[in-house]
Structure formats: structure tokens, C-alpha cells
Amino acid sequence: MSYKMETSNLSSNLAPIVKVENFHLHYYTRRGVYKALNGVNLEIRKGEVLGVAGESGCGKSTLGRSIMGLIPRNAAVVNGRILVDGKDYLKPLNDYYKKAKKFKPTKNADILKKVNEEMSSIRGQKISMVFQEPMTTLNPLLQVGYQIAEVLYYHNPGLLASRRLSRHRATKEDMKNIIKILKENGINEKLTDYLKSRNILGLEDQVISIWRRKDLHDLKKEQIIEKLCCEPINSFTKKYLEVIEKENKLPNFSRVPIIGRLVKRELFKEGYKKASEFLGLLGIPNADKMVYMYPHELSGGQRQRIVIAIAMINNPELVILDEPTSALDVTIQAQILELIKELKESTNSSYMFISHDLSVLAEVSDRIAIMYAGQVVEVGKKENIFDQPKHPYTQMLMEAIPTIEVHELKGIKGEVPDMRNPPKGCMFRDRCPYAMPICAEKRPDLIKVGEDHYVACFLYEGGKS
Amino acid sequence: MIIAARQLSKFFDVKGVKNAKIRAVENVNIEIKEGEIVGLVGESGSGKSTLGRLLIRLIEPTSGEILYNIPDDELDEFDIALKNNDQNAVKKIVDKYSIMRLHGKELKTFRRNVGIVFQDPYSSLDPRLKIEDIIAEPIVETGFLKGPKVKARVLELLDEVQLPREFSYRFPHELSGGQRQRVALARGIATNPKLVILDEPTSALDVSIQAEILELLKELRKKYNMAMLLITHNISVVSYMADRVFVMYAGKIMEKGNKNDIIKNPEHPYTQALISAVPQIKRVRQRIILKGDPPNLINPPKGCRFHPRCPVALPICGWTADEVKPTLEYLISSKYFTEFSNTKVEVKDELELTVYNAKADKLREIINIEKENLRPLMSIKDIIDENGNVTLKLYKYETPELIKLENGREVECLLFSKFKE
Amino acid sequence: MKEKMSKKDMTDKNEIKPDRWRELRLSLQVFFSNKAAVAGLVIFLFYFFDALILQFFPQILPFKHPYSLTPNYADPIPLPPSWKHPFGTTYPGVDLLRAVIKSIRLDFWLSLEIVIPGAIIGLIIGIIATYFGGWIDEVLMRITDIVFSIPYLVLAIAIGYVLGRTLNSMMIALILVWWPLYARYARSVTLETKELTFIEAARASGTSNFKIMFKHILPNSLPPVFVQISLDLGTIMLTISALAFIGFLPAANLPELGYLTSLGYNYIQTAPWAMIIPGLFIVLFALAVNLMGDGFRDVIDPRRRSEL
Ligand SMILES: Nc1ncnc2c1ncn2[C@@H]1O[C@H](COP(=O)(O)OP(=O)(O)O)[C@@H](O)[C@H]1O
Ligand SMILES: Nc1ncnc2c1ncn2[C@@H]1O[C@H](COP(=O)(O)OP(=O)(O)O)[C@@H](O)[C@H]1O
Ligand code: SF4
Ligand code: SF4
Ligand SMILES: [Mg+2]
Ligand SMILES: [Mg+2]
């Protein structure tokens, strides 16, 4: 993980990591075909927090999961595509749907398997996801340290090997130099350059995490850092760790029963270390004890932090947070929101923050997308969405949210359409006070109404705003 | 007062563990006037639902009194009698107004006068009954109406909650979440109760539906002048609905007062943090981020239950040696480790610790520097040198009680009782 | 608002019926998508119609003595299957096809007569135990455990001694042994139901405990218990047959599958069909109701109802 402040210029920040184009997804069930996503258009840019809001059942989670490729077998990719770094992983599913006369979940499942295999290389590494209920992600039978180490073990074993080897290769001299650099310059490129030149780059995150600790006296930090060197290692372990360090993947011999066990033990031991460092960075007190605990021993807020740690540990480009605070109390929610803000500052990842609560999104997002009945109906900068909401649904939603500052509340009459049989025209028509004849015939597309501000509504077609 | 509780406590047994009790509600005093909406806010697990259930006797209290329909002057008399420990006067009023003495017919009449609406509109309606039978249940069972009048009342109630009359023949699974909650509401007000407990009535609903239900609740209150206890963790909802607010934390009432006062000018440190933590579209207030989690109610913190998280805790707020020990150890082993060698901390009793191999002066100096940030250190009263070892004595803690401030606010916090003295 | 509503009313009215049909159709769909359950149902229906016809319309069938076996002492040694005797014969010269058809009647009804009263007793006790909880629960469940631990054979034999070896005494014995199973099961189901909020809502409405039990808890506990019954019918038939096999039948010549099996027992080496065929019919029934019960379980499982 890079802790350096990102200095890249703004324009490259705007390039999208994920691009969703006219994406349609249907769920086939015994009760009918639920048209969960009906032409979603959206992009997630580098380094931004994109908030996604909407009522329950409007397809927020489905969208998040589709980007991850985590969809069930009864989900048909009907149309459109999702580009992750320019690649459309779901294409085979769409091809199957287009080719098949009758959609069969079993056939879909076969293709899904292949898609999953292909995506497993980016999941947890390039993109990761945090769910509302932490217990769905955490295994109740495993220590939390193990679960974090596992992610590293499968996606980034080279890092673990390099950490261990660097501690072996580093000399007392090195440590003195490192401390000197830290004292003179703090944490910056100099340190990285030095470590690189000495072939002990695996020390970087270890040293930094110690140096960043606020609860230690500087002298104590130096003492701990000094101890990071000259760790003995047996020649056999050294051999296989060197292979792993070079390849950054689990070598074939790790499948051999006994050797595999040894490799795994060594790497997991290192994984626990990294896990406790990382939890410390996330502001968890007593992180070194916490890694040996089981999920049920933790409070809801702590569990959610662990899940966020698992999602963040490989320094992914995009983290999808699906209602990460909805099950938490306000004071704990505030802690987690604060954490996400800090992460946003200290990493250069992008975030897709899904929530049904607009005021939560207001706290963390750069841009906000409003979804209704499987479509993005409005998307724009946070300020624009809150100050000049354009879509009638967004406007009415703002009036329906109770806030601490008392204002008249207005509910939105009527209900969301039955998604098995959605109306032909605008999905919001039945509840919209401005509905026009054309709204019953065509579905509006997203059009630009201001700088970086798009709305799908016929009120704005023809340049009106 | 339509209802008042005095020294009300409810302890639940812990399954499988003898002598352990969950102190879900402890020593709570509240009162609700005719026709007012009172918001009860607090984090989950703070005992809100338990308190709501106690008030309408769905569960029996461990101790304390719940007085129904008691005139204000007699409640004052009761409070004085409690203060003076005047058993006779207490008994006289308890016999007259307590809901605990109700049986049979009287209890049914009481049930007719109170109603409840639960959070989950899916599990709170019996899936095997038609909507009309669900709404009719309290009407029939409390003897509110009989025969054909029941059906007429059910239809009237459906109108009241703005559902089509045809819904009376439907089953719950044929309705959406918002519609079900309207049915639950119709059942809650079916017998024209004087008090309705609303336990998170909109927490399971979407905002667009929530706004409509809240609107409806306001209308009903206006029309029938019912008192409502609105239990919720959503402060914005309370801010919109309530006349008065009670703030609960870890089984205790922390603050009571008028809605506007509490929201705009919270006095209690917990209320301040709670209100500042509410996510806001336009942030005006500085956020106070509380550390840690709400406490375990089996073994709650001593003194003030909020003290481990309180940003302004005083030396007497409930600190014990068990809480001071890890703080000292942390200082000794990390921040000031150069100053100590071979130093150990041991708890002697609730209010006393011994630090082995340390100097009193050094310790005093460090504690003085650090106590602003590490609140447990504030509770150290004396630092006594005993040839090489140091004995630390803590202040004796106090338990705050709900006290009334001049502005009419009631607060349970030692910051205020100190000023009063 | 009001106008909109009244418009909605009209459409709602029309929707009500199809809505309800949809749930039923869905249940059937779920059941029929489970192929094994359908096979079970088909087999079960064979047994059911066999039992129904023999009980109420025996005249349709070409049997002179529908309620007893017809021996042929002229040729008592079992004969292998042939055109004349498709299932062969068993000692003493009884045609197995006819014997099996006649036997199913007794086994089938007896199973029902044991399961249903057993289930009713069990449900009542289970519900009382759960609803009141505390020491009532404790006492009732202890009694249940004690009865549960008595081996059914011992009890059946004991009751046989006291009441005489009749079908009724066998039935009573088995009911006595069987209810604890349901009591335990009903208790676990009702315990779950009791935690649902609508029970608390009923209490808040002033409904008495007694009424809550029968109006809310019982109806909501019936479907899972019904599934359990359907799974159990097979076990009961096995038990009855086992009792008959060891000679616990009031009269010889009474057509009963276990008894038929015992007739072939002496010829197991020379004429295996004499034992295998009636045995097969016992096992087939047990298997069929089990598969069918699985199908019912799918039907009441909300997850199964919504997936494809
Ligand atoms: N696995 C599934 N099978 C069938 N329908 C599903 C499945 N998952 C979600 N749905 C349906 O798709 C719609 C969108 O769901 P979801 O994406 O979870 O919405 P949100 O997260 O916005 O609440 C809903 O109507 C839901 O019922
Ligand atoms: N029936 C019960 N048995 C045991 N513990 C209970 C019971 N009901 C509530 N509790 C406990 O009492 C505490 C307060 O719960 P509750 O009143 O539901 O809080 P809230 O409604 O504020 O979330 C919780 O710790 C909860 O686990
Ligand atoms: S397109 Fe028409 S119906 Fe849809 S939101 Fe705009 S005005 Fe309303
Ligand atoms: S009594 Fe007041 S100051 Fe003391 S801990 Fe409690 S809330 Fe904080
Ligand atoms: Mg969701
Ligand atoms: Mg609650």
C-alpha cells in the first residue's frame, strides 16, 4: 500500500476505472422475471468517491455486484456492458443470453463459472467489496488475522515473502541508515530509493507503519525498527520464499502436501504481522491482540473495520462499499465515515459508496448518482445534486428526508413499479407530478444539464434547464 | 400525566449463566402527558424497546412503578413521598394508579387505552389472518366493540390510514411494506387508545414511504389527541415529529427536554455527541467522534455509564482501578518507556493501584501532562511514594441522578450536579 | 389522493383472485419441479387408491374375500412368478399380487390412524410447553423424554398383554410411542413462532394466552408439522410391518405386508420372491412418502419459492 500523497495531476484523475454502459440485468425467478437493471450508464473515476443512492430494490446492490461479477446464476446479462479497465468481463454471459432461445440458469451457471475464474485475478486485488452485514463476509470460525492474511496469501504472496526476506537481508547498518533517513526526511521517496537499492523493499510498509504510530515514543519506535533486521532463516525456507518473491504467485510446489504446509505457515505468520500493522493504521486499538480474535468477539463497528481492512489490504483501485454503515448506530457510523474519509485522503483508490441515506452520502461523496427502478436518473457533483436537483424524483426525495433542521416533509405518493412488468416510458411516471404524454412512450436518456451534471428526464430535453 | 414511570428497572436473565443479568433498563423516571409526542432516542441496545414494552405491561418490571392516568399533583405527591421514603403515601398512590395491580377486566380496559406499533411490518402481522381480522383483534379482545360494529370500525380504520377498504379481505403477503405498516398502525389505534407506543415505526421503510407514514401519524395525533411515544434511533425523525425528547444510553435516561432545546442546545455530553454524529447534508455543527462502543449491559461501567466514552469526563464519573491500569501500562511501556525500567502496575482494589519500581515524582509529572488526553488518569487523587513503589489512590466515584436545570431541562450528568451544589 | 385511491380500489378488487391463485400455482410449481417428489407422490397415490378402493368399494375388485388371505392348501409351496401369478405365490399357496393389494389397505390406514392422533397429542403438548415455558415446559418435556426412551416393542408387547392382541392395542401402543416425537418437533417449531412479533402484538391487543395458542401459534406451526407427518408415515408402516413380522398380529390370514413377509421367511433360500416382494412394497412406501415430504418441505420454504 502506498501511503504517499498522490501528486498526479487532476486531469488523469478523471479517467474512469469502471464504465457501465447501457447495462441491463434481469433476474429469472419462479415469480417472474425481475428487470432489476434497465440501462444503467455510469462511470467511476480514479480517486473519487462516487455515492449511489436510491430506494431499496432499485438495483444498487445488483449494480455493485455486477461490477465485481458477483451475480447469481439466475441473473441474465441482457444488454450493455461493464468495462473494468477497458475489459468487459461479463461479455460471455451477454452472448449466452442473446444466443439462447430460453434462458436457463444451469447453462448460465456454467458460463458464470468461467467468468468467475477470469475475474478472480482482479477481485480482491483491483476491485474489492464491503457488504452491509459484515458477518456475510467474515467466517465465524476463523481468526480475523487469518482472514486478512488469507487475502494476502492468495493475491499478493510476493509481498509477504519479500517482507520476511527483507528482514533477513537487512543489516544493522541498513537499519541505522533507515532511521537516519526517517529522522531527516520523514516518510518520502528517499526511503523507498534506499530500500530499493539495498533490495529490502519488503521493509517499507513495516517501517512506515511503525514510524506512523502515534502511541509510541520516538525512541521506542527506533528500538522496534532496529529489531527488524538480521532475522535468521533456514536455507530451505529462504529458497522457496525467494521464488515466491520473484513470481508474486503461489508456485506449483505449494501444492505438494508437506512443503505446501510449510510455505503456507510461513506466509500466514507474515500475513498476521501485516494484518496487525494494517489494523493499527485503520485506528483499531490493540490491533496486535485483535488479529487473534474471532468475529463474534468483536462489536459491529469493529467487524465492519475488519471487513474494510480485508477489502483495502491489497491497495485496490476500486472499493465498492454496499451500505457499509446502514446496520450501525449513528455514533459508530460517524467513526466509520471518518475512517473512509481518512482512507480516501491517504490512498489513491476510488470508492463506490452505496447507501439509501442521502445524508450519509453527503458526508463522503465527490459525485452522487441517484437510481430509480434500475436506472441512473441523475448524476453529478455532490453540490449540484443537493443545491440544484434536476430530476423530479431527486427533488421529491430531498423533500422527503427528515433532517435535524425541521422542514416540511413531503412523501412521494404511490409506489415503485412492479419490476416484472415495468412501464414502457419513464419509470417514475406514476409518481411524477410533471408527467407529460411523451413520458408514457419513451424512456428518457441521460442528458447533460450542467457541468458534469446529467439527468434522465424529458423536462430537460431540448436544452431546457 | 397519561403515564409516568418511577425508578423503573428491568433486568433480563442471561441464558446459561447464573447470577448474570442484562441491566436493560435501570432506575428510569419518565412521564408522558396527554396528547404529546415524546421521542425516545438512543443507540440500538440502549433499552428503548424494553422501556416501551414495560410502559404498556408487555413485560413485567424487575422493580419500580408505572402509574397510569395520574393527575400531576398526585405525581408530585408521589415524588415527595419517594424522596422522604414515606411508605404509606407511596402505597396509597401505587394502589390507585399502578398498572401492576391491574387484572382481568381492568387490564383489558388498560389494553384498550394503549396501543403499540412494531418496527418490522413483516413479522408483526400474522401471515395466516386476513387484514380485517388483524385489525379487529384489539377491538374484539379488549371488548371495545361487538358484533357488526367491529366490521364497520375496521373499514373506518382502513380509511383512516388511507388504505382501500378492499384490503380487508387480503392477506399480509399481498401488501407492500408501507401498506403493511399502515395496517399495523390501524391495529395500534383501533381502540382509540390514549397512548400509542411506536417502536421504530418507519425504520424498515424507504424515506419516500417514511415521510407519508410520519405525516399520517401527525394527522392522527391532531385528530384524536393521542399521546405517542416515538421510539427511534433516527434523530432526524424525532426532530420532525416530537414535542419532547428523552435520550437514552445504556439503559439510563441521559437527558429530557423540549425537542427544540435538545436538538439546538444539547446539555448532556452524550446528547451533544449523538446529535453531532447525525449525518447531515449541510454540515453546520462540528462533529464529535466518540471513541469505542456502547458498553456491555451485563457489567456496565460504574458511576456514569457514559464515562468511558465521555470526552469531558470528570475525576468522579466512575473510574475504577481496572480502567486506570491499562492506561498507565500504555504510558509506561510505550510513550515514556525510557523513564521506566521493570515497572509493573497492579490493581489493589476498586480505587487503589500499586506501581512497582517507579518514582512518585516522575509519575506525577507524566500524569499531569497526559490527563487531558487520557481521561482515566484524571481520577488519580493521591500519588504516594512507598520506598520504590508508588500507591495510587483514586477519587471515590458518584452515580449521577436525573436533575432538573433552571431552563426546565433534566440531565443525568455530574457536570451539572456539581454546579447545583 | 382520494381520487387516486378509488381508482386503485377498482383494479385492486380485480386483482385479488388471480393473486391468490398465483400462490397456489407457485406452490404446485415448486412441488412439481422436484422430480423425485413427484415420483413419490405418484407411488403414494397408488397406495392411497388401493387402500381407498379396498376399504370402501371392495366390490370393484374381483376378490371373494377382500379382508383375508385366500390360501391354497393344495399347492402350499411358493411358486415363482408366472403368467398366472405375476408376483408368484407364497406359503400356503397365496397369490402374492392379490395378497399385496389386499395388504396395503390395513397398513395404510393403520399408519394414518397412528400418525394423526400422535401428531395431535404431540402438537397440543408441544404448544402448551412452549407457550407457558418455565416449569410447565420442563415437566412436559421430561415426561416426553421418558416416554421417548421406552422401546416401542416393549411397550407394544406390554400393552398387547394388558389389552389383548388386537389391532387396537397395537394402535394404542404405537400412538403412545409416537407422540413424543411430534411433541419435541412441535415445541421447536412453536418456539420459533413464539418469537415473532405478531405474538407480542396479539398480547398487546389483550388476547388471552389460550387464544394466542390456537389462533396464532397453532396455524403457523401446522405446515412444518404436516411436512414432518408426511415424512413419518413410511417409518410407521415399517414399524407396523416389523411388529406383524414377529407375530404381533391378532389373527392369521389378515392381509398385512409384514405378515406376508414373515410367511415367505422360511423359504428365503428356495423362493426368495416370497419375502422380497412384500418387503419391497413396504420399503417402496417408506421411500415414496419421504420423497414426497421433501417436496412439501420445498413448498413451505420461502427461499425455494422465489428461486428458479
Ligand atoms: N438473487 C436474486 N434473485 C432474484 N431477484 C433478485 C435477486 N437479487 C435481487 N433481486 C431483485 O432485484 C431488485 C434489485 O435488488 P437490489 O439490487 O438488491 O436493490 P437495492 O440494493 O437497491 O436494495 C429487487 O427487486 C430484488 O428483489
Ligand atoms: N427478552 C429479552 N431477553 C433477554 N435480553 C433482552 C430481551 N429483550 C431485550 N434484551 C436485551 O436488553 C438490551 C436492550 O434491548 P432493547 O430494549 O431491545 O434495546 P433497543 O430497543 O434500544 O435497541 C439489549 O442488550 C438486549 O439484548
Ligand atoms: S420523464 Fe416525464 S415522468 Fe419521467 S421524471 Fe421526467 S417529467 Fe416525470
Ligand atoms: S457524568 Fe457527565 S461528565 Fe461525567 S462521564 Fe457522565 S456524561 Fe461525562
Ligand atoms: Mg442493497
Ligand atoms: Mg428496539
| query | So, Ser359(A) side chain and Gln280(B) main chain: donor-acceptor pair closer than 3.5 Å or not? | reply | no
| said: Report which part of Glu43(B) has an atom under 4.5 Å of a heavy atom belonging to chain A: side chain, backbone, both, or neither. | reply: both
| Salt-bridged, Arg287(B) to Glu363(A), with N to O below 4.0 Å? | yes
| query | Donor-acceptor pair, Asp329(A) side chain versus Ser44(B) backbone, under 3.5 Å? | reply | yes
| said: Under a 3.5 Å distance rule, please check whether Gln302(A) uses its side chain to pair with a backbone N or O of Asp293(B) as donor and acceptor. | reply: no
| said: For Ile213(B), which atoms come within 4.5 Å of any heavy atom of chain A: side chain, backbone, both, or neither? | reply: neither
| Could you give the distance from OG1 (Thr331(A)) to CD1 (Ile275(B)), rounded to the nearest 0.5 Å? | 13.0 Å
| query | Is any side-chain heavy atom of Gln210(B) less than 4.5 Å from a side-chain heavy atom of Leu409(A)? | reply | no
| request: Measure across Gly411(A) and Ala211(B) and return the closest heavy-atom pair with its distance rounded to 0.1 Å. | output: CA-CB, 3.4 Å
| request: Name the option with the most non-hydrogen atom pairs under 4.5 Å to chain B; the candidates are Ile404(A), Asp218(A), Ile332(A), Val330(A). | output: Ile404(A)
| message | At a 4.5 Å cut-off on heavy atoms, which part of Asp387(A) comes close to chain B: side chain, backbone, both, or neither? | response | side chain
| query | When heavy-atom pairs shorter than 4.5 Å are enumerated against chain A, which of Lys264(B), Met241(B), Arg309(B) gives the highest number? | reply | Arg309(B)
| query | Measuring heavy-atom distances to chain B, does Glu338(A) have an atom under 4.5 Å in its side chain, in its backbone, in both, or in neither? | reply | side chain
| task | Measure the CD-NE2 distance between Gln333(A) and His233(B) for me, rounded to the nearest 0.5 Å. | result | 8.5 Å
| task | Heavy-atom distances under 4.5 Å only: say whether Gln223(A) touches chain B with side chain, backbone, both or neither. | result | side chain
| message | Shorter than 4.5 Å, heavy atoms on both sides: which option in Ile289(B), Val207(B), Leu205(B) has the most such pairs with chain A? | response | Ile289(B)
| Which answer fits Lys410(A), side chain, backbone, both or neither, if we ask what part of it has an atom under 4.5 Å from a heavy atom of chain B? | backbone
| said: Given heavy-atom pairs under 4.5 angstrom as the criterion, report whether the side chain, backbone, both or neither of Leu290(B) touches chain A. | reply: both
| message | At a 4.5 Å cut-off on heavy atoms, which part of Leu337(A) comes close to chain B: side chain, backbone, both, or neither? | response | side chain
| Heavy-atom distance under 4.5 Å between the side chains of Met396(A) and Ser208(B), does that happen here? | no
| Structural part of Lys291(B) lying under 4.5 Å from a heavy atom of chain A | backbone
| request: Drop me the distance from Ser299(A)'s OG to Asn296(B)'s CG, to the nearest 0.5 angstrom. | output: 11.5 Å
| request: Over all heavy atoms of both residues, which pair between Val237(B) and Pro402(A) is shortest? Give the atoms and the distance, please. | output: CG2-CG, 4.0 Å
